[in-house]
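Per chain, numbering begins at 1; letters A, B, ... match sequence-line order. Note that the coordinates shown come from a computational prediction; the quantities given were computed from them, not determined experimentally.
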Amino acid sequence: MTSRALSGGRAASAPLMGHETEPTIFEMSVPGRSAYQLRTTGVPSTALADLIPATHLNGDVVNIAEVSERDLVAHFTRLSHRQFSVDLGMYPLGSCTMKYNPKFCDAVANDPGLNSVHPGSPAELTQGWLELLATLEEKLCAVTGMAAATLQPAAGAAGELTGLLLMRAYHSANGDPRRRILIPDSAHGTNPASVTLGGFEVTTVPSNDRGLVDLKKLKASLDPDVAGIMLTNPNTLGLFEEEITEIAAAVHEVGGLLYYDGANLNAILGAVRPGDMGFDIVHMNLHKTFATPHGGGGPGAGPVAVSQRLVEFLPGPKATRMDDGTFAWVKPPRSIGRVHGWHGNAMVLARALAYIDVHGGDGLTRVAKYAVLNANWLRHRLRATLPAAYDRVCMHECVLTATPLKNAYGVRGLDVAKALLEEGFHSPTVYFPLIVEEALMFEPTETESLQTLEALAEAVERIAQRAIDDPDALHRAPQTTPVSRVDEARAARHLIPTEDAASR
Amino acid sequence: MTSRALSGGRAASAPLMGHETEPTIFEMSVPGRSAYQLRTTGVPSTALADLIPATHLNGDVVNIAEVSERDLVAHFTRLSHRQFSVDLGMYPLGSCTMKYNPKFCDAVANDPGLNSVHPGSPAELTQGWLELLATLEEKLCAVTGMAAATLQPAAGAAGELTGLLLMRAYHSANGDPRRRILIPDSAHGTNPASVTLGGFEVTTVPSNDRGLVDLKKLKASLDPDVAGIMLTNPNTLGLFEEEITEIAAAVHEVGGLLYYDGANLNAILGAVRPGDMGFDIVHMNLHKTFATPHGGGGPGAGPVAVSQRLVEFLPGPKATRMDDGTFAWVKPPRSIGRVHGWHGNAMVLARALAYIDVHGGDGLTRVAKYAVLNANWLRHRLRATLPAAYDRVCMHECVLTATPLKNAYGVRGLDVAKALLEEGFHSPTVYFPLIVEEALMFEPTETESLQTLEALAEAVERIAQRAIDDPDALHRAPQTTPVSRVDEARAARHLIPTEDAASR
Amino acid sequence: MADYLPHTPAEIDEMLAFLGMDSLEQLFAHIPPAVRLTQGLDLPEGMSEPDVAALFTNYTSANRATASEMTCFAGAGVYDHEVPAVVKTLAGRSEFVTAYTPYQPEVAQGVLQAIFEYQTLIARLSGLPIPNASLYDAATGLVEALNMAHGATTRQKMVISAGVHPHWREAAKTFARGTGHEIVEVPLKDGVTDWRIVDATNAAAIVASYPNYLGVLEDMSEAKALAVANDALFVLGADPVAAGVLKTAGQWGADIFVGEGQPFGTPLAFGGPFLGLFACTTEQTRRLPGRIVGETVDSNNRRSFVTTLRAREQDIRREKATSNVCTNQTLMAVTAAIQLGWLGTQGLREVATRCAQGAHYLFDELVKIDGVKAVSTQPFFREFAVHLGHDASAVLLTMANDGVLGGVSIAALTSGPDPSIDGDVDDVLLVTVTERRTKDEIDRYVEVLRKAIGQ
Amino acid sequence: MADYLPHTPAEIDEMLAFLGMDSLEQLFAHIPPAVRLTQGLDLPEGMSEPDVAALFTNYTSANRATASEMTCFAGAGVYDHEVPAVVKTLAGRSEFVTAYTPYQPEVAQGVLQAIFEYQTLIARLSGLPIPNASLYDAATGLVEALNMAHGATTRQKMVISAGVHPHWREAAKTFARGTGHEIVEVPLKDGVTDWRIVDATNAAAIVASYPNYLGVLEDMSEAKALAVANDALFVLGADPVAAGVLKTAGQWGADIFVGEGQPFGTPLAFGGPFLGLFACTTEQTRRLPGRIVGETVDSNNRRSFVTTLRAREQDIRREKATSNVCTNQTLMAVTAAIQLGWLGTQGLREVATRCAQGAHYLFDELVKIDGVKAVSTQPFFREFAVHLGHDASAVLLTMANDGVLGGVSIAALTSGPDPSIDGDVDDVLLVTVTERRTKDEIDRYVEVLRKAIGQ
Ligand SMILES: Cc1ncc(COP(=O)(O)O)c(C=O)c1O
Ligand SMILES: Cc1ncc(COP(=O)(O)O)c(C=O)c1O
C-alpha cells in the first residue's frame with residue numbers, strides 16, 4: 001500500500017479483543033480524508049488573500065490529522081474502553097469523592113436553554129441564568145453557614161487562591177498587612193502552593209499523635225503577622241478536628257482568619273457547618289461534594305463562600321437578586337476583581353444546583369451519614385489487613401497503611417494499589433497524606449453498597465494473601481490491564497509530550 | 001453479611017480489569033433498594049383495592065430486581081464493555097451491511113419534535129410527521145424505481161411477507177390464484193419462511209456453476225401456477241444476476257411477479273434500480289442500506305415499494321400528500337390492511353431520511369461504488385489464503401471458502417471466524433449461503449478504509465499461518481475475549497432462558 | 001461532498017490498479033447496459049448535516065402534538081411514561097446501538113446477558129416460563145401467537161375478542177390472508193366480551209385483551225374456560241405495566257402472552273420502533289417465534305449466554321420455520337431491561353398504582369360533566385372511554401389549542417363503526433392517565449374539555 | 001426520599017452493629033456539640049428528578065438569548081461554532097466523563113492518550129513544542145503565563161497590550177494582588193497597540209493578543225522586538241481557530257502561547273467550563289503550570305502514556321510549585337481533540353476562512369449604514385468593532401426582539417471607559433461572524449440593526 005497510515009478499523013486495542021496499543025490519531029491520518037461537514041452559507045467566498053494582508057497568513061503550515069468520521073468514532077470509542085471510570089466500578093480514590101454522578105445532572109447541563117447562552121449576552125436576556133446562579137449561591141451559603149459566595153473559581157485550587165486574596169484584601173483594608181498562613185502538615189499540596197501565589201508565606205503546623213492539629217504548637221505559632229490558617233475538616237486523614245472551636249478562637253484572637261478547604265465537605269453535610277465552626281472563608285469542590293463528574297481531571301468548580309465581613313471583597317460581578325425581583329450583575333464595592341474569564345464554570349454550577357435540589361436538605365444529610373458509615377465500616381473491616389493510621393472513628397474516608405505488609409513481605413502500598421486494579425477496583429490514593437507511611441487513602445463514598453465494600457475488602461485480603469505467597473507477582477501487577485506497570489521515570493527523563501516529539 | 005447479593009461495584013467483569021463474568025441484575029438485587037424517581041402529582045392516592053375489584057389484583061407476586069441507580073449504571077456499562085460493535089471496529093458480517101452509522105442520524109431520532117409525538121394524535125396535529133413519511137416514500141421510490149411504497153413493515157422479513165401478501169392480493173384480484181413461488185437455492189432463510197407464511201409453496205431454483213440462477217432450470221419451473229419469484233440482486237453470493245432481464249421476461253411471461261429482496265441494495269445504489277430490472281415488489285432493509293444502527297439485533301425497517309399495478313393493494317393507511325399541500329392518512333382502495341400496530345418504525349424511518357438527505361443522489365451512488373470496490377479489493381487480496389467461491393468481480397460482498405484450510409490442516413471456517421475475533425475484527429458470516437462449503441461471507445462496506453482492509457487481510461494471513469503451525473490452538477480460539485468458545489449444544493439441550501429457570 | 005466515506009482519490013486509483021482496472025465503472029461493467037442507470041438517481045445533491053438539520057426543523061415545527069406543546073392523555077397501547085436520563089444514557093451506549101444480532105457470543109455477552117435479563121423480566125411479568133428475545137410490536141406479536149396456536153392445534157379458527165386493540169385485530173386479518181386463518185370476532189357488551197354468543201368449537205385460539213382496548217378489566221376466567229372447553233390455546237394480550245399490580249397472563253391461565261413493551265423506556269416515537277413482548281408455556285417451546293437466549297458455559301466453564309434453539313429459526317429451518325422473524329427489536333428489549341431495573345419491584349407497582357389513581361380521578365371528574373357518559377360500567381385500569389355528545393375528533397382539535405392532547409378518538413382507531421360500542425361511535429373518546437400526569441394537569445383537562453364542548 | 005443511596009434500613013443496622021454502634025448519630029458523636037447542626041440544613045426537602053426538571057424550566061424559559069430564539073453574532077473570545085453530533089457523542093462517553101485525573105496509568109490510557117493527542121494539536125496550533133494538559137480558561141492561562149515569565153526572569157513588570165481581552169486583563173490584575181506583579185497596560189491607537197509609548201525596561205513579559213479584543217490583526221513583530229530588546233518573554237494570547245490560516249504564536253516568535261479552547265467543541269455554556277490552552281518553548285519546560293502527559297513504555301515495552309514532570313506540581317513541590325492547579329479542564333481538552341479530529345487540516349482551514357469571509361461581508365454591509373463607523377481601519381479576522389451612534393446596549397435589546405443577538409457591547413465588556421477607543425465607548429458594538437452564519441442571517445442582521453437605530 002502506498003499509504004503507511006495505520007488502520008482505524010481494527011479493534012485489537014479494545015481490551016474486549018486483545019491487548020494491543022491503540023494507534024494515535026496522527027498515525028491513522030491519510031492526506032485528503034475528512035470528516036467535517038459545514039453549513040451551506042451562501043456567503044461570498046472571497047479569497048483569504050483579498051481579505052487579510054499576506055504578512056498574517058501562515059502558509060498552511062498547521063496540520064491536524066485527516067481521518068474519516070468512522071475512524072474518529074472507532075478511535076475514541078476504543079480509547080474509552082481503555083479507561084476506568086466511576087460508571088464501570090468503585091473508585092475509592094481518597095480525597096476525590098468519586099461518587100456516582102446522576103445522569104439527570106448531565107441532562108440538565110445539556111439543555112440548550114442553558115448551554116446555548118453566550119456569556120456576553122445582556123443580563124436582560126439571561127435572567128434565567130442569573131436567577132440560577134443567585135439561587136445556587138444562596139443554597140451553598142445555607143450548606144456552609146456563610147453570608148455570601150462567589151461562583152467564579154473554576155476548581156478547588158482556584159477557590160483557595162481566591163480565598164487567600166480575600167484574606168489579603170481584608171487585612172490590607174484594615175491597614176494591617178500580614179505575611180504568614182498556617183497550614184497543617186497533613187494538608188493537600190494545593191494549600192501551600194496557593195499560599196505562595198497569594199503572596200503569603202507558609203508556616204507548617206505539625207499534627208499530634210491523634211492525627212489532628214497540635215493545638216499547643218499551633219498556639220505557639222500564632223502572632224499578629226498571621227493572616228490566617230487553612231484547614232480541611234475533616235482533615236486529609238479523614239479525621240474531624242475536634243478542637244476546632246479552640247483553634248478558631250485562638251486564630252481569631254490574633255486577628256487571623258480561618259480558611260476552610262471544602263474538599264471534604266461531603267463528610268459533614270447537614271451535620272456541622274464551616275460557618276458554625278468559626279470559618280471565615282470556605283471553598284467547595286462542587287465536582288466532589290455535589291457530584292459533577294470529574295471529566296478525567298476536570299472541569300470542576302470551586303465557589304468560595306465567606307462570612308459577612310468579607311462579603312464586600314468578593315470577586316465580581318455577581319448575579320444578584322434585585323428588589324424588583326429581577327436579577328443583575330453587581331460588583332461588590334471593594335471587589336478584588338475577576339478570577340475567571342466569565343462567570344465561572346456555569347454548566348458545572350447548574351449541575352450542582354440540580355444535585356442539591358434532588359437531594360434537598362434531608363438528602364444531603366443522608367449523603368454525609370452514609371459516606372461516613374461506609375468509611376468506618378471499611379476501616380473496621382480491613383483492620384487486620386491494612387490497619388488504619390489512626391484507629392478510631394473516621395469521617396468519610398480512612399487512611400490505612402501498608403507498613404505491616406511492607407515490613408513482612410516487602411510489598412508496598414503501591415503494589416497493593418496496582419493489584420487492586422486487577423481485582424476490578426480503582427486504587428485508593430497512595431502516599432497521601434505525606435505524614436503517613438505507606439498510606440492508602442480509601443474514600444468509598446455514599447453511593448457504594450455494603451456488598452461492594454465487602455467485595456473490596458475481600459480483594460484486599462486476597463492481595464494480602466498473595467503478598468505472603470508470591471510477593472514478586474505483586475511487584476509486577478497489574479497484568480490484566482490494557483498496559484502493565486508503566487515506566488514513569490523514563491517519561492520524565494526524556495520528555496515526549498507530543499507526537500511530533502515522539503517521531504523526532 | 002446478611003444479604004447474599006453480589007456487588008454492583010466491582011468491575012472485574014469489564015474486560016479492562018480482568019475476565020470474570022458479570023453478575024445478573026437479579027444476583028445484585030437487595031430488597032428495599034431502589035433507583036426510580038417519579039413526579040409529585042398531587043393526585044389522591046386512593047388505595048388500589050378501592051379502585052379495582054380484588055379478583056384482579058395479583059397479590060404482589062411480580063418481582064423485578066432492586067438495585068441502586070449506581071449499580072444499574074455500573075452493570076449495564078460493564079455489559080456494554082463485553083459487547084463488540086461497529087463503533088469499536090470493523091464488522092464485516094456478510095449480508096448485514098454493518099457500515100458506520102452517523103451519530104447525526106441518532107440525533108435526528110432523539111429530537112423530541114419527532115419522538116415525543118403520540119402515534120394516535122390527529123393528522124392535523126402531526127403534519128410534520130406525515131410530510132416526513134410521504135417524502136421518504138418518494139425518495140425510496142426514486143432509489144428503487146418504483147411507483148409507491150408502504151413504510152409499515154418493521155424489518156426485512158416483515159417486508160417480504162407483506163410483498164407476498166401483495167402478490168396474493170394481486171393474483172386473487174385477477175381471479176387467478178396461484179400457489180408457487182420460486183426461490184434460488186442461495187436465498188436467505190427469511191425468503192422461504194415468508195413464502196410459507198404468505199400461503200405459498202416454495203420451489204427451489206438451483207444455481208449454476210457461476211453462482212447465478214440457472215436460467216434454463218428456472219424456465220423449466222415456470223408455469224401458470226407460479227405466483228412469482230423472489231430474488232436478491234446481487235444475490236447472497238455477492239454476485240449480480242446478469243441475466244436478470246431474461247429472468248424477468250420469463251417470469252412475467254407466465255404471469256408471475258418479481259420480488260426483490262433488498263438486503264443487498266447497498267451494492268447497486270445509483271447503478272441500477274430494481275424497477276428498471278423488471279421487479280414488481282422491492283423491500284428495503286433501511287437498517288442496512290440506510291445506516292440505521294442495528295441495535296444488537298434490531299430495530300430495523302423494511303419498507304416495500306411496488307410497481308404501478310400493485311399500488312392499490314398496499315397496506316395502509318399511508319401518509320399522503322393532498323392537493324392542497326396538506327397531508328392525510330389515506331388507505332389504498334384495495335389495501336391488504338395493516339401490517340404494523342401503527343405507522344411502521346417511525347424513528348428508523350426518520351433516521352433513514354436524514355441519511356438519504358445527507359448523501360443525496362451523488363452520495364448514495366458513491367456508497368455503492370466504494371462498497372463494491374472494497375469487496376473486490378478484499379476478495380482479490382485474500383485469494384491466496386481464502387479463495388472466493390466464485391472468483392470474479394463481485395458486488396458489495398464476497399463469499400470466500402476455508403475449504404483449502406480444512407482439507408490441509410483441519411481448520412474450519414468457524415475456527416477462522418473465531419480467531420479473527422482475537423485479531424480485533426468481528427467475524428464474517430459463516431456457513432451462509434448454504435450452497436458454499438465452509439463459506440465465509442465478508443462484507444466490508446464502504447465506510448472501511450483501505451488500511452483497515454489491509455489489516456484484516458494480514459490478520460487472515462496470520463490465522464492461515466497459525467493453521468499450519470498450531471491448528472489445535474485455532475480450535476480453541478478465541479481466548480482473549482470476555483468468554484471463550486461457548487457451549488452452544490448445552491444451551492439447546494437444557495434450555496435456561498431465565499434467571500428463574502437457572503436457579504431451579 | 002458531505003459523506004462518511006474514507007476513500008481518497010489516490011487510494012481509489014491504487015485499489016483499482018490492484019484489481020487491474022482503471023475506473024470504478026469497470027466494477028459495474030457486468031451489469032447489463034440496458035438496465036444501468038445513466039443519469040444518476042433522481043434525488044437532490046447531498047447536503048451537510050447542519051443543512052439537513054435545518055431542513056428537518058420544517059418537520060418538527062409542523063408537529064404540534066409534541067411533549068413541549070401538549071400534555072398527553074392519549075394511550076391506546078402507547079403510553080407517556082417517565083423515561084429518566086439514566087435509562088436513555090445507558091440504552092444509548094454505542095456498544096448496544098451499533099452491534100447486530102449476537103452471532104458471535106464470545107464478543108456479544110453484553111447484548112446476550114441483557115436479553116437474558118429481559119427474558120427473565122418478561123417471564124415474571126407474564127407469569128409464563130418461556131419468553132422470547134422480542135418481536136416487532138404487539139400487533140405482529142399477536143400474529144405470531146395465532147401461528148403458534150395453529151401449529152399446536154393444526155386448527156384454523158381464531159376466536160378473538162373485539163376487546164383486542166383494533167390495530168392488532170386488523171394486522172391479524174391482514175396476515176390471515178396468507179395463513180388462511182379464519183378470524184372470528186366476538187363483540188363487547190357494556191365493555192365486556194360477550195363470549196356466550198360465539199361458537200368456539202374447533203378453535204385454535206381464544207384471544208382476549210387485559211385490559212381491553214376500551215380500558216376495561218374483564219374477568220378472564222370465562223375466556224380461559226372457553227379455551228379449555230374447546231382444547232384451544234388461550235392467548236392473552238396484556239398491558240405489561242398492569243402486571244405490576246394486576247393478575248398476570250399466567251395467573252389467568254394463558255398459554256401465550258403478548259404485549260406491547262413500549263411503556264418500558266421507549267418514547268411515544270410516533271408508533272415505532274416499539275417492542276413486541278411474547279411468552280408461552282413450556283409445551284410451546286419448540287414453536288417459539290424469533291430468537292431466544294439461553295444460559296450455558298464457555299470452554300473455561302464460565303457462565304455464558306448464547307442464542308439457542310436455533311433449529312426453529314428461518315435461517316436453518318427455512319420454509320418449515322416457526323416464524324420468518326430475523327431482525328427483531330433487541331435495542332428496545334435492552335431498553336426495557338434497563339427501565340425495569342430502574343423501576344424495580346416497588347417502582348413498577350407504584351407506576352401501575354398511580355396510573356390507576358390518576359385515571360379514576362379523571363374519570364370521576366369527567367362523568368360529572370353534563371353530557372359526558374361512560375361507555376362501560378365495568379372496572380378499568382389506566383384508561384376509559386366516554387361519550388362526549390360531540391364529535392370526538394373535533395373536540396380533540398379544540399382541546400389541542402389549549403395545549404391538551406385529550407385522548408384518542410375511537411372512530412379514528414377503528415376507522416369505522418364499532419359494534420362493541422353502544423350508540424354513536426363518533427363521539428367516543430378514549431382517555432388515558434399515566435403516572436406522569438399531575439392533579440393540576442388533570443384538573444386543567446377537565447376545564448379544557450368543558451370549554452371544548454361548551455359546558 | 002429521592003436519592004442515589006443504596007443503603008437499606010436493614011443494612012444500616014447491620015453495618016452499625018459491626019461497628020458496635022446503635023445509631024448513625026454515634027458516628028458524629030466526636031464533633032463538639034456546640035457546633036453540631038441540630039435542625040438540619042435550611043434547604044427544602046429533596047425532590048424527584050422530574051420535579052427538579054420542571055423547576056429548571058423556570059430558568060431555561062427565562063433565558064431569551066438561546067440558540068433557538070436568537071442568531072448569535074456575539075463573540076469576544078467565545079464563539080458559536082458547529083459542534084456535530086459525533087463530537088458530542090464521543091466526548092460524552094461516560095468513561096471520559098466519570099473518570100478523574102489519570103493517577104493510575106494502567107487503567108487510564110484512554111484519557112492519557114487523548115490528552116497526548118490534544119497536546120500534539122495544541123503544539124501544532126501554537127507553533128510551540130511544550131503544551132500542557134489544559135488550564136481553566138484563557139484568563140487564568142494568562143495569569144499562569146505571567147507567573148512563568150516571572151519565574152524565568154525574576155522580574156515583576158508585566159507589559160500588557162490593551163488589546164488583550166478586558167476580562168483577561170482584569171483577572172491578571174486580581175491575581176497580581178498576590179504575586180505583586182506590576183501590570184503596565186499599553187493602550188491601542190486605531191485599534192493597534194501603541195508600543196512606542198511604553199517603558200519596557202525590566203519587563204518580565206510583553207503580552208499581546210492576536211487578534212486583539214477588537215478583532216484587529218496587529219503585526220506582532222513590534223511586540224516581539226520589544227521583548228527581545230528587553231530580555232522579556234513574549235506572551236501571545238491567540239485565537240486558536242485563526243491558527244488554521246494565520247501565523248501561529250511560534251511563527252511570531254512567542255515564548256508562551258495562551259488561548260481559549262472553547263471554539264473546539266465546547267458550547268457557549270454561559271462562559272464555562274471552557275478550556276485554557278497553554279504552550280511554551282522548551283526553555284520553560286520545568287516551569288510549566290498544570291499537568292503534562294508524556295510518552296513512555298510499560299513493563300512489556302508497549303507504548304504508553306503517563307502524567308509526567310510531576311515534580312513541578314503542587315502535590316509534590318507544595319509551596320515551591322510552579323502553579324497551584326490540580327483539577328483542570330481535561331474533558332474539554334478531550335473534546336477539543338475530538339473536534340479537531342473531526343475538522344482535520346482542511347476543516348480547520350475552512351472554518352477559519354469562512355469566519356473571515358462572513359465577518360468581512362458583514363463589515364462591508366454595516367459600514368454602508370449612515371452613522372455606523374468602524375473603530376479601526378486595520379485588518380481583522382472574524383470580528384470587528386463599530387460605532388453605532390446609539391447606545392450599544394439599548395440597540396442589542398432592540399435587536400433581540402427581532403431574534404438577533406447583535407454582538408457584545410464594548411462598554412459592558414470593559415465596564416467603563418476604554419482609552420483604547422477613540423470617542424464614545426457606549427456606542428461601540430463588537431460584532432462576530434462564525435462559519436455557522438449564513439448570508440441570509442447576515443443580511444437580516446443588517447436589516448434588524450438598521451431598524452434598531454432607526455435607519
Ligand atoms: C484536600 C484537597 N484540597 C484541595 C484540593 C484541590 O481541589 P481542585 O482539584 O478542585 O483544585 C483537593 C483536590 O484534589 C483536595 O483533595
Ligand atoms: C438476504 C437477506 N434477506 C432478508 C433478510 C431479512 O431482513 P431482516 O433481518 O431485516 O428481517 C436478510 C437479513 O439478514 C438478508 O440478509
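- Only the side chain of Arg354(D) has a heavy atom closer than 4.5 Å to any heavy atom of chain A.
- Between chain A and the residues Asp315(D), Leu27(D), Asp42(D), Val306(D), the most heavy-atom pairs under 4.5 angstrom are made by Leu27(D).
- Of the possible polar contacts, one joining the Glu117(D) side chain to the Ile25(A) backbone as a donor-acceptor pair under 3.5 Å is found.
- Remark: Asp487(A) pairs with no residue by the salt bridge (Lys or Arg N to Asp or Glu O under 4.0 Å) rule, at least two apart or across chains.
- Only the side chain of Leu90(D) comes within contact range of chain A, judged by heavy atoms closer than 4.5 Å.
- With a 4.5 Å cut-off on non-hydrogen atoms, Ser323(D) touches chain A through its backbone but not through its side chain.
- Of the two parts of Gln329(D), the backbone and the side chain both hold a non-hydrogen atom closer than 4.5 Å to a non-hydrogen atom of chain A.
- Heavy-atom distances place the side chain of Gln251(D), and not its backbone, under 4.5 Å from chain A.
- Residue contact with chain A, scored on non-hydrogen atoms closer than 4.5 Å, is absent for Ala138(D).
- For a residue to count as touching a neighbouring chain, one of its non-hydrogen atoms must lie under 4.5 Å from one of that chain's; by this rule Asp80(D) does not touch chain A.
- The side-chain heavy atoms of Asp137(D) and Trp342(A), taken from C-beta on, include no pair separated by under 4.5 Å.
- Judged by distance alone, the side chains of Ser484(A) and Ser299(D) do bring a donor and an acceptor atom under 3.5 Å apart.
- Ranked by heavy-atom pairs under 4.5 Å with chain D, the list Ser80(A), Gly341(A), Ala417(A), Gly156(A) is led by Ser80(A).
- Of the atoms belonging to Glu22(A), heavy atoms from both backbone and side chain fall under 4.5 Å from chain D.
- For a residue to count as touching a neighbouring chain, one of its non-hydrogen atoms must lie under 4.5 Å from one of that chain's; by this rule Ser393(D) does not touch chain A.
- Ring centroid separation for the pair Phe270(D) and His343(A) comes in under the 6.0 Å cut-off.
- With a threshold of 4.5 angstrom between heavy atoms, Ala356(D) approaches chain A through its backbone and through its side chain.
- Using a 4.5 Å cut-off between heavy atoms, Leu397(D) contacts chain A through its side chain alone, with no backbone atom that close.
- Contact check on Lys418(A) versus Glu106(D) returns a salt bridge, with a Lys/Arg side-chain nitrogen under 4.0 Å from an Asp/Glu carboxylate oxygen.
- The parts of Phe175(D) that come within reach of chain A are both its backbone and its side chain, each placing non-hydrogen atoms under 4.5 angstrom from that chain.
- Two residues are said to be in side-chain contact when any heavy atoms from C-beta on lie closer than 4.5 Å; Phe76(A) and Arg93(D) fail this criterion.
- Taking Ala35(A) as the reference, Glu69(A), Trp342(D) meet the side-chain contact (heavy atoms from CB on, under 4.5 Å) condition, with sequence neighbours excluded.
- Taking 4.0 Å as the cut-off between side-chain N and carboxylate O, Arg303(D) and Glu499(A) count as a salt-bridged pair.
- Panel note: side chain Asn63(D), backbone Gly113(A); a donor-acceptor pair is recorded below 3.5 Å.
- For Val78(D), the parts lying near chain A are the backbone and the side chain together; criterion is any non-hydrogen pair under 4.5 Å.
- Both the backbone and the side chain of Ile31(D) come within contact range of chain A, each with at least one heavy atom under 4.5 Å from a heavy atom of that chain.
- Only the side chain of His360(D) comes within less than 4.5 Å of a heavy atom of chain A; its backbone N, CA, C and O stay farther away.
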